[in-house]
Amino acid sequence: MSDSFEIRCKGVGVSEGLVVGRVLRMHGNTGYIYRARIEAAELEQELERFQAAVRLSRSQLQAIKDRAERELGKDHAYIFDAHLLLLEDEKLINDVENSIRTEQANAEWALKVVSDRLMSVYSEIKDDYLRERGSDIEDVVQRLLVALSGEQPAHRNLSEDAVIVSQELLPSAVAELDLDFARAVATDSGGWTSHMAIIARGLGIPAVVGLRDFYRRARTGDTIIVDSSRNEVILNPTRATFERYQSETASRVTTRATEPARQVGPLRTMDGVEIRLRANVELPAEFSAVRTYDAQGVGLYRSEFLLARRGVLVSEEQQYVAYAQIAEVAGKDGAIVRLFDLGAEKDFDSAQEPERNPALGLRAIRYGLRNEEIMRTQMRAILRAASTGNLDIVLPMVGDASDVRRARRILDEEVASLAKAQVPHGQVRVGAMIETPSAVIVADSIAAIVDFFELGTNDLVQYTLAVDRGNEGVAEWFRTLHPAVLYGINRSLEAARKRGIGTIVCGEMASTPAYATLLIGLGATDLSMIPSAMPRIRRVLSQIDSTIVRGIAQECLACETADDVEDLVRERFRASWPGVFPLSSLPVPRKR
């Protein structure tokens with residue numbers, strides 16, 4: 001604790017909580033890899049050395065998975081299935097072995113060359129979840145390198161107030177720790193969908209990631225405060241800061257102990273407007289939460305998860321099983337499957353040069369229409385699974401009505417083909433993701449030929465403002481409450497109402513109380529979010545009056561800048577519902 005100097009760093013809170021503890025620095029242990037020439041007579045011995053490292057790594061990972069099942073539960077142990085599958089991936093193993101033979105290179109170098117090539121593909125993927133799956137590859141590669149070196153993995157027992165600080169904390173490193181006393185996690189890299197974040201949420205450990213240069217500043221033993229609700233970490237707090245947070249920690253414990261039971265059943269605002277809460281899911285670990293949090297079906301199933309296991313497309317039969325499972329999870333309320341939001345980076349066999357700007361290139365619906373067989377296979381699997389439960393389809397990144405017409409033609413042809421072959425299948429509705437400015441502008445014509453809209457607010461903000469949401473250099477220009485974004489949402493909702501179709505709003509806005517409230521004011525009544533966000537959204541929306549917030553939303557639409565909207569929201573929400581919106585839950589004032 002310091003009397004004068006403290007360091008505050010902003011990141012992304014990925015697991016809720018507030019902790020005061022002491023730093024335990026953990027290094028990624030990534031060493032340098034050198035190339036050594038292997039003589040022809042020694043190649044078989046080098047191959048055997050690599051194969052032995054694979055066997056040892058597989059044995060270690062199975063032990064980790066078994067421990068994770070005991071301590072984290074099966075819902076989180078599945079993470080290590082992806083690692084085990086990588087070690088069984090014939091293409092990955094064969095590529096390394098071929099590199100050893102053809103390059104006459106040592107196993108470490110061959111492994112690094114092959115894995116770097118694979119990770120570069122993942123780094124170009126637009127989808128946050130899939131892009132962060134590169135950490136799985138890195139984790140497995142690091143384990144193989146340790147096995148090749150003959151070293152034993154490090155084991156650490158944590159002190160009772162340990163806050164783990166790392167540049168990047170790989171999931172197997174977390175699983176090998178004694179987490180009985182781990183208080184929180186703070187890392188330079190990572191995001192909401194990283195496996196470390198998933199594990200932290202499963203364990204109920206507060207975590208803030210994306211802190212950039214924080215690891216370099218911290219030292220083991222330093223006093224640290226991790227406040228995920230404010231997306232902040234404080235190193236060496238002043239005495240006044242320390243005492244204030246100690247008091248807040250104590251009050252939060254008391255509040256948590258007296259919290260009412262989780263609400264279930266229909267959600268209505270104070271003036272009786274019914275709001276539907278659906279679940280966004282992609283991981284098997286999230287499936288049970290659909291029922292736990294009483295979600296009204298699955299509003300968005302990101303099917304790209306099916307491609308994360310081996311980095312290749314899965315068969316129609318494998319997809320059918322997955323979609324039938326999500327239909328069962330969703331029950332009578334049904335699930336909406338987003339067609340693969342892929343880009344050209346997934347075409348592993350293509351000799352084509354990587355796109356200079358994949359976010360604006362051949363991806364999502366464009367990729368599917370250019371690679372029809374991929375789209376047809378997925379549509380057949382969904383149609384077949386729809387015979388077992390309620391499933392619908394949503395088309396990603398639609399640009400105009402022509403995208404929808406072409407996709408519907410393919411769907412109709414697959415329906416006819418299944419009927420002719422007498423293959424059981426069900427009916428599915430077709431929706432459009434509204435997440436580009438062009439889709440907003442021609443929303444009326446799109447609404448005329450689809451059954452529903454889904455507003456993908458994360459991408460809608462990104463494309464409307466021309467700001468890469470993953471680029472820290474332009475983060476200050478990523479403004480969710482920018483008037484142009486609100487205009488796009490309002491116009492899309494109006495187009496849907498005029499045509500008599502529903503609109504589901506998903507993304508960060510739907511799962512953030514202040515933003516969700518404003519969405520209600522714009523006329524949204526169907527929200528889809530991560531299941532764990534539902535209790536907080538329920539508490540807030542059940543205490544607001546939609547008539548009042550409609551007036552506030554109209555004022556926001558008349559604002560000129562994002563600063564003006566945020567100022568207005570803070571002022572009006574605090575005045576109308578002072579007990580519902582603490583300052584920490586409202587937009588933070590920007591420096592002007």
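Quick caveat, the model's predicted, so the values are computed rather than measured.
The backbone N or O of Ser228 sits nowhere less than 3.5 Å from a side-chain atom of Glu232 that would complete a donor-acceptor pair. The backbone N or O of Pro513 sits less than 3.5 Å from a side-chain atom of Thr517, completing a donor-acceptor pair. With hydrogens and angles disregarded, no donor-acceptor distance shorter than 3.5 Å links the side chain of Asp526 to the backbone of Thr503. Arg278 contributes no side-chain N or O that, together with a main-chain N or O of Ala295, makes up a donor-acceptor pair within less than 3.5 Å. Ser15 places a side-chain N or O within 3.5 Å of a backbone atom of Ile205 that can act as its donor or acceptor partner. The backbone N or O of Gly13 sits less than 3.5 Å from a side-chain atom of Asn231, completing a donor-acceptor pair. In this structure, the side chain of Ser511 does not engage the main chain of Ile530 through any donor-acceptor pair within 3.5 Å. Without hydrogens or angle criteria, Thr457 side chain to Cys506 main chain gives a donor-acceptor distance under 3.5 Å. In this structure, the side chain of Ser247 does not engage the main chain of Glu243 through any donor-acceptor pair within 3.5 Å. At distances below 3.5 Å, at least one donor-acceptor pair connects side-chain atoms of Thr238 with backbone N or O atoms of Thr241.
Between Ala495 and Phe453, the closest heavy-atom pair is CB-CE1, 4.4 Å. A pairwise comparison of heavy atoms in Val461 and Thr480 identifies CG2-CA, 4.1 Å as the closest pair. Ala510 and Met529 make their closest contact through O-CE, 3.4 Å (heavy atoms, listed as atom of the first residue, atom of the second, distance). What you find for Ser303 and Arg338 is that their closest heavy atoms are OG-O, 2.7 Å. A pairwise comparison of heavy atoms in Pro531 and Asn280 identifies CD-O, 3.6 Å as the closest pair. Residues Pro396 and Ile365 approach most closely at O-CB, 3.1 Å, considering heavy atoms.
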| request: Go through Asp222 and Arg217 one step at a time and tell me if the salt bridge (Lys or Arg N to Asp or Glu O under 4.0 Å) criterion holds. | output: CA-CA 10 Å; Asp222 286 351; Arg217 304 182 187 188; over 6 Å; no
| Passes side chain to side chain contact (heavy atoms under 4.5 Å, CB included), Gln543 versus Trp577? Steps please. | CA-CA 8 Å; Gln543 298 179 72; Trp577 305 285; 5.6 Å; no
| said: Apply side chain to side chain contact (heavy atoms under 4.5 Å, CB included) to residues Val440 and Glu435 and explain how you reach the verdict. | reply: CA-CA 8 Å; Val440 170; Glu435 48 195 345; over 6 Å; no
| Criterion side chain to side chain contact (heavy atoms under 4.5 Å, CB included) on Val430 and Leu395, from CA distance to verdict | CA-CA 7 Å; Val430 176; Leu395 309 174; 4.0 Å; yes
| request: Evaluate salt bridge (Lys or Arg N to Asp or Glu O under 4.0 Å) for Asp403 paired with Arg366, printing each intermediate quantity in order. | output: CA-CA 8 Å; Asp403 289 339; Arg366 301 168 185 170; 5.8 Å; no
| task | Decide side chain to side chain contact (heavy atoms under 4.5 Å, CB included) for Phe573 and Ile552; before the verdict, give the C-alpha distance in whole Å, the side-chain angles of both, and the deciding distance to 0.1 Å. | result | CA-CA 9 Å; Phe573 281 23; Ile552 297 172; 3.9 Å; yes
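The only member of Ile489, Leu518, Leu527 that meets side-chain contact (heavy atoms from CB on, under 4.5 Å) when paired with Met509 is Ile489.
Between Asp563 atom CG and His482 atom NE2 the span is 9.5 Å, to the nearest 0.5 Å. Note: Leu339 CG to Met397 CE = 13.5 Å, rounded to the nearest 0.5 Å. With values rounded to the nearest 0.5 angstrom, Ile504 atom CD1 is found 9.5 Å from Leu455 atom CG. Going from atom CG of Leu481 over to atom OH of Tyr515 covers 4.5 Å, rounded to the nearest 0.5 Å. Rounding to the nearest 0.5 Å places CG of Leu267 at 12.0 Å from CZ of Arg539. Distance check: Ile544 CD1 to Ile520 CD1 gives 6.0 Å after rounding to the nearest 0.5 Å.
Taking 4.5 Å as the limit, every side-chain heavy atom of Leu24 sits out of range of all side-chain heavy atoms of Val165. Taking the side chain as every heavy atom from C-beta outward, Ile336 and Tyr301 never approach each other to under 4.5 Å. Contact annotation: the side chain of Pro483 approaches that of Val565 to within less than 4.5 Å [non-hydrogen atoms, C-beta and beyond]. Counting only heavy atoms from C-beta outward, the side chains of Tyr293 and Pro535 approach each other to under 4.5 Å. Residues Phe287 and Gln325 meet the side-chain proximity criterion, which asks for heavy atoms closer than 4.5 Å. Side-chain contact check for Ile446 versus Val442: some heavy-atom pair is nearer than 4.5 Å. Put simply, the side chain of Leu391 reaches to within 4.5 Å of the side chain of Ile326, judged on heavy atoms. With contacts defined as side-chain heavy-atom distances shorter than 4.5 Å, the pair Leu235/Val23 qualifies.
In terms of the side chain to side chain contact (heavy atoms under 4.5 Å, CB included) criterion, residue partners of Asn490 (sequence neighbours excluded) are, by chain and number, Glu494, Leu522, Leu557. For the side chain to side chain contact (heavy atoms under 4.5 Å, CB included) test, residues two or more places apart in sequence or in another chain that qualify with Ile449 are Ala401, Val404, Arg405. For Tyr323, there are no ring pair (Phe, Tyr, Trp, His ring centres under 6.0 Å) partners at least two apart in sequence or on another chain. Residues forming a side chain to side chain contact (heavy atoms under 4.5 Å, CB included) with Glu571 (at least two apart in sequence, or on another chain): none. Listed by chain and residue number, Ala447, Ala448 satisfy the side chain to side chain contact (heavy atoms under 4.5 Å, CB included) test with Arg499 (two or more places apart in sequence, or in another chain).
Here side chain to side chain donor-acceptor pair (under 3.5 Å) pairs that include residues 443-455, with residues two or more places apart or in two chains, are Asp444-Lys498.
Under a cut-off of 6.0 angstrom, the local environment of CD in Glu274 is crowded, with over 12 non-hydrogen atoms contributed by other residues, nucleotides or ligands. More than 12 heavy atoms of other residues, nucleotides or ligands shown are found within 6.0 angstrom of CD on Glu555.
Between Glu6 and Arg8 a salt bridge is recorded (basic side-chain N to carboxylate O distance below 4.0 Å). Between Arg276 and Asp333 a salt bridge is recorded (basic side-chain N to carboxylate O distance below 4.0 Å). Using a 4.0 Å cut-off between charged nitrogen and carboxylate oxygen, Arg216 and Asp188 do not count as a salt-bridge pair.
Looking only at atom types and distance, the side chain of Thr223 has no donor-acceptor partner in the side chain of Asn236 under 3.5 Å away.
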